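These notes are about the structure you will find just below.
Note that the structure is a prediction, hence the values are computed from the model and not measured. In this chain, numbering begins with 1 at the start of the sequence shown. Scope of the values below: all heavy atoms of this structure, side chains included, with no hydrogens, waters or symmetry mates.
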Amino acid sequence: IKQIVKQNYTHIFTAFRNMIQKTGIDEEKIREGDSKEIFKSLILYGQFQGIADKNAFSYLERHSSINEIADFDTLKEGVKDSPCPALKSFSAFRNCDYKKSEHNCRYGREFGCILKELDCRKGSINIMIGSAFLFLKEYYQESMVNFIKEGAKHEDKKFFYTRELLKIRNIGPQTASLFLTDLFNPFFFGYKVKGIDHNDFIVIDTLVHNFFHRTGILKALGREHNYNSEFCHTEEYCKGIILEIAQKVDIRDLLEDDNFQAFEPRLIQLCIWLQCADEGRKCGGGVCNEKGPFCNDCNVELMCDKLMIS
């Protein structure tokens with residue numbers, strides 16, 4: 001793990017910068033508390049559910065940009081002028097069943113709808129955008145900053161932020177955690193809230209789980225299990241392994257950089273993810289996400305058991 005962190009940590013920041021450049025998100029505005037820009041970043045992170053990042057970026061580049069599909073003022077005007085019953089309130093929006101393949105919903109094509117005009121990769125993203133807008137409109141005076149400030153009042157801030165975001169349709173636990181950890185990460189968006197740390201949010205996806213399986217780590221620790229988001233995010237399984245590693249690896253000493261904290265589980269998780277992802281560089285070559293006995297182009301000399309992924 002130390003070797004993986006040392007080889008990959010600089011590429012983590014490169015990948016984030018590339019995302020910023022590709023999407024046009026203004027990280028300085030987010031750091032300064034621009035609610036509309038924070039909203040755009042939430043919608044951006046919703047694009048990555050169930051698809052490789054590079055494929056999500058490819059669709060945005062070929063179709064509508066994040067600035068077009070997540071412009072708060074455009075959504076506000078569109079919702080205000082729409083006769084669609086589902087757009088009248090956050091609770092009414094539960095009835096929205098827009099299908100991109102049919103470019104239609106239960107209310108029919110005769111109802112003008114701002115969401116049908118958004119060129120998103122799939123209909124569930126259109127629904128997520130509408131739900132997120134109405135969520136803020138109904139509960140937080142149309143402001144992501146108000147949402148964040150409300151959470152800052154709570155003792156268990158992590159629980160509050162996660163619980164509230166999961167009210168938005170088609171935002172799952174991983175998307176919520178990914179958005180929140182990068183929002184509060186001083187090396188990424190760097191939005192500051194007293195009492196919250198980006199390391200409070202660790203994202204375990206199939207790449208991280210498969211790494212622990214293929215290398216034999218799960219077997220050696222007696223924690224073998226199939227990938228399951230609920231299991232993997234408990235301290236008995238993948239998340240717990242990340243936390244245990246972070247307790248043993250002082251990142252500040254390892255990287256000889258006082259800008260880091262000693263305890264950086266999120267950085268460790270990101271470096272494992274990048275080791276296995278195919279993000280435009282030869283590293284793990286995505287091998288930990290593929291079925292098969294052999295590893296290709298893995299540039300880290302691991303004591304790896306190369307276990308089959310079922």
Closest heavy-atom pair and its distance - [X], [Y]:
X	Y	value
Ile114	Leu87	CG2-CD1, 4.5 Å
Tyr107	Pro85	CE2-CG, 3.8 Å
Phe201	Lys158	CE2-CG, 3.5 Å
Asn170	Gln49	O-NE2, 2.6 Å
Ile202	Pro265	CD1-CB, 3.6 Å
Cys271	Ile4	O-CG2, 3.5 Å

Presence of salt bridge, [Y] and [X], under 4.0 angstrom:
X	Y	value
Glu236	Arg223	no
Lys116	Glu102	no
Arg266	Asp182	yes
Glu37	Lys40	yes
Lys36	Asp73	yes

For the side chain of [X] and the backbone of [Y], is there at least one donor-acceptor N/O pair under 3.5 Å apart?
X	Y	result
Asp97	Arg106	yes
Ser64	Leu60	no
Glu27	Phe189	no
Thr181	His198	yes
Ser177	Pro173	yes
Thr234	Phe231	yes
His233	Ile204	yes
Glu68	Ser65	yes
Glu264	Gln261	yes
Asp197	Asn199	yes

**Request:** State yes or no: are the ring centers of Phe39 and Phe133 separated by less than 6.0 Å?
**Result:**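 So the answer is no for these two rings.
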Do the side chains of [X] and [Y] join up, straight or via other hydrophobic residues, at under 4.5 Å, putting them in one cluster?
X	Y	result
Tyr227	Leu178	no
Ile196	Phe263	yes
Phe187	Leu255	yes
Phe179	Val193	yes
Ile66	Tyr59	no

What's the spacing between [X] [atom1] and [Y] [atom2] if we round to 0.5 Å?
X	Y	atom1	atom2	value
Lys76	Leu136	NZ	CG	12.0 Å
Ser35	Ile148	OG	CD1	7.5 Å
Glu164	Leu180	CD	CG	11.5 Å
Thr215	Ile272	OG1	CD1	8.5 Å
Ile268	Ile1	CD1	CD1	7.5 Å
Leu243	Lys248	CG	NZ	12.5 Å

Using the ring of each side chain (for Trp, its six-membered ring), is [X] parallel, tilted or perpendicular to [Y], with breaks at 30° and 60°?
X	Y	result
Tyr45	Phe48	perpendicular
Phe188	Phe13	perpendicular
Phe184	Tyr161	tilted

Heavy-atom side-chain proximity of [X] to [Y] below 4.5 angstrom:
X	Y	value
Val208	Asp205	yes
Ser41	Ile30	yes
Lys2	Gln7	no
Cys96	Arg169	yes
Phe90	Lys137	no
Leu75	Asp71	no
Asn104	Lys99	no
Met128	Ile43	yes

**Message:** Using the rule given for salt bridge (charged side-chain N to carboxylate O under 4.0 Å, His left out), can you reason through Arg31 versus Glu28, listing the C-alpha separation, both sets of side-chain angles and the distance that settles it, and then say yes or no?
**Reply:** CA-CA 5 Å; Arg31 197 170 288 116; Glu28 192 60 37; 3.1 Å; yes
**Request:** Determine, stepwise, if the pair Arg17 / Lys22 fulfils side-chain contact (heavy atoms from CB on, under 4.5 Å).
**Result:** CA-CA 9 Å; Arg17 291 274 126 20; Lys22 287 178 180 178; over 6 Å; no
**Asked** In this structure, are over 12 heavy atoms from other groups packed under 6.0 Å from Lys100 atom NZ?
**Response**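 Yes, because the 6.0 Å sphere around NZ of Lys100 holds more than 12 heavy atoms from other groups.
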**Asked** Got a sec: does the NZ of Lys6 have more than 12 other heavy atoms crowding it under 6.0 Å?
**Response**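 12 or below, so no.
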When you check the side-chain N and O atoms of [X] and [Y], is any donor under 3.5 Å from an acceptor?
X	Y	result
His209	Tyr237	no
Gln275	His11	no
Glu32	Tyr191	no
Asp257	Tyr9	no

**Message:** Quick one, Ile125 with Ile129, criterion side-chain contact (heavy atoms from CB on, under 4.5 Å). Give me CA distance, side-chain angles, the key distance, then yes/no.
**Reply:** CA-CA 6 Å; Ile125 296 177; Ile129 293 171; 4.1 Å; yes
**Request:** Begin with the C-alpha distance, continue with both residues' side-chain angles, and end with the deciding distance and a verdict on side-chain contact (heavy atoms from CB on, under 4.5 Å) for Phe160 and Lys153.
**Result:** CA-CA 10 Å; Phe160 174 87; Lys153 300 174 185 176; over 6 Å; no
**Prompt:** Is it the case that Lys167 places NZ or CZ above or below the six-membered ring of Tyr139, under 6.0 angstrom from the centre and within 45 degrees of the axis?
**Reply:**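 Flagged: Lys167 positioned over aromatic ring of Tyr139.
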**Item:** side-chain contact (heavy atoms from CB on, under 4.5 Å) between Thr175 and Leu165, worked out
**Value:** CA-CA 9 Å; Thr175 298; Leu165 288 180; over 6 Å; no
